[in-house]
Protein chains: 2
Amino acid sequence: MPAPAPTRERLVTEAMRLFSAKGYEATSVSQIEAAAGLAAGSGALYHHFKSKEALLDAGIDRQLDRRRAMRDIRALFAGLGDLRAELTILGRYLLNVVDEERQLLQIAARTEAGRSARLHAACAALIDGLNAELADWIGAWAPAMAPSQRAALAAVGVNGLTGTRFTATLLHQAEPAIADDRYLAEWTALLAARIEQHGGS
Amino acid sequence: MPAPAPTRERLVTEAMRLFSAKGYEATSVSQIEAAAGLAAGSGALYHHFKSKEALLDAGIDRQLDRRRAMRDIRALFAGLGDLRAELTILGRYLLNVVDEERQLLQIAARTEAGRSARLHAACAALIDGLNAELADWIGAWAPAMAPSQRAALAAVGVNGLTGTRFTATLLHQAEPAIADDRYLAEWTALLAARIEQHGGS
DNA sequence: GTCTATACTAAGATAGAC
DNA sequence: GTCTATCTTAGTATAGAC
């Protein structure tokens, strides 16, 4: 049987879950304590974190650590030499990254704009990274495409992936209205048609 | 000079603005009163609305009234006979609808899932309507396309538009990283390439 | 209709017993 | 490390003067 996670870990886990469901401000310390198996309102949380905000920071840092651990996985599946095969895998990979970061994105979405600079920076770096990965790949297959057009195409592509998760969250859909396979297949066909048309040389 | 809006109107306007910025639960009645020019914490709001939730409902209803007033504008620009010309206008129209409803979408995004059934219903109807409009248009230009594929293509298209606003909100961008014209042009080219390829017959 | 004042509850955070 | 108890502030909402 797995050793129970230490209290500090449980607090971070439950806090991030509650923050993503209700937003930072709308989540009380009592609720976090209760979710972590401590007495609600006991203030036991403050033996592990200086404040509620320090707890959010710890959660963001944990997510950033996970992100660093995932880095360089991308290099594993490059260079199949076939446009649609590569794009299929790239789309699946990008959507997977969005899912890994979904909790963080939801917290940012449910929390006031200037509330946490760290939160904002973590999300901005994520979105920028997704756009850069897709833009780079497009650049390799359509070298003649102007950089500004490449950026716009990458943005539409990335928004097509992030948007489906945003919408699902917004509408409280446990699972997307359209199955991921179906959606990704259409996403791939859409971008492939445009790239072949343009950079097909 | 314009007559100052009545207090009740100002309360709804400011409440919706604050709800969209901070979320429903994170916005206090005092803040709404202050924003509407009343004494913070005076409780003057309760002479106009039974409760904070009744105020949110009034704001949702006002948005639904506006939505009804916008209906049937779509019919004005149909039937240009040119795929790319029609798609350009349709994309501009759909993005405009998203902007009109942006405040409502943001409130839903920043507010806990089961908090308001009315809010959820208003957003679901909006997203469904956008998808249906694009799917119908695709169906007219690519009759041979399977319904499930048409739905998937429409979903990618709509997510490409909603996603750009979601992302801008998430990253606190006053204006999008890519100009709307540039973005819409690429969005149009992307979908047009796919539709021509498929239903071009 | 708007104010002051207030009731009541819950928030974030701390002190000290065990 | 976790608890009970408590401090202080802020929340929703109401009562009553003007």
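Chain letters run A, B, ... following the sequence lines, proteins first, then strands; residues in each count from 1.
- With contacts defined as side-chain heavy-atom distances shorter than 4.5 Å, the pair B/Thr162/B/Leu105 does not qualify.
- Applying the side-chain hydrogen bond (donor to acceptor under 3.5 Å, both in side chains) rule to B/Asp128 yields no partners; only residues at least two apart in sequence or on another chain are considered.
- Taking a 4.0 Å limit (strictly below) on heavy-atom distances, residues 43-50 of chain B reaches DNA chain D at B/Gly43, B/Tyr46, B/His47.
- For DNA chain C, the contact window with chain B, defined by any atom under 4.0 Å from a protein heavy atom, covers C/dG1 to C/dA5 in 5' to 3' order.
- Checked by atom type and distance alone, the side chain of A/Tyr183 pairs as donor or acceptor with a backbone atom of A/Gly160 at under 3.5 Å.
- Annotation: side chain to side chain donor-acceptor pair (under 3.5 Å) contacts involving residues 37-47 of chain B, sequence neighbours excluded, are absent.
- Within the structure, salt bridge (charged side-chain N to carboxylate O under 4.0 Å, His left out) contacts touching residues 4-21 of chain A (residues at least two apart or in different chains) are A/Glu9-A/Arg62, A/Glu14-A/Arg17.
- Within the structure, ring pair (Phe, Tyr, Trp, His ring centres under 6.0 Å) contacts touching residues 89-114 of chain B (residues at least two apart or in different chains) are B/Phe77-B/Tyr93.
- For residues 30-38 of chain A, proximity to DNA chain D is found at A/Leu38, defined as any non-hydrogen atom under 4.0 angstrom from a strand atom.
- Without hydrogens or angle criteria, B/Gln106 side chain to B/Ala21 main chain gives no donor-acceptor distance under 3.5 Å.
- Partners of B/His172 under the ring-ring contact (aromatic ring centres under 6.0 Å, His included) rule, at least two apart in sequence or in another chain, are A/His120.
- B/Arg115 has a carboxylate O that lies under 4.0 Å from a charged side-chain N of B/Glu25, or vice versa, which qualifies the two as a salt bridge.
- A 4.5 Å side-chain heavy-atom check between B/Leu87 and B/Trp137 finds at least one atom pair inside the cut-off.
- For the pair B/Leu184/B/Thr88, no side-chain contact is recorded, criterion being any heavy-atom separation below 4.5 Å from C-beta on.
- Near-neighbour residues of DNA chain C inside residues 108-116 of chain B, defined by a heavy atom below 4.0 Å, are absent.
- Among the protein residues, A/Ser42 comes within range of the nucleic acid bases, having at least one heavy atom under 4.0 Å from a base atom.
- Among residue pairs with one or both ends in residues 10-42 of chain B, those qualifying as ring pair (Phe, Tyr, Trp, His ring centres under 6.0 Å) are B/Phe19-B/Tyr24; sequence neighbours excluded.
- By the salt bridge (charged side-chain N to carboxylate O under 4.0 Å, His left out) test, B/Arg67 is found to be paired with B/Glu101, residues two or more places apart in sequence or in another chain being considered.
- Under the 4.0 Å criterion applied to side-chain N and carboxylate O atoms, A/Arg66 and A/Glu100 are not assigned as salt-bridge partners.
- Heavy-atom distances under 4.0 Å link DNA chain C to no residue of residues 5-26 of chain A.
- By the 4.5 Å heavy-atom criterion applied to side chains, A/Leu104 and A/Leu64 are not counted as neighbours.
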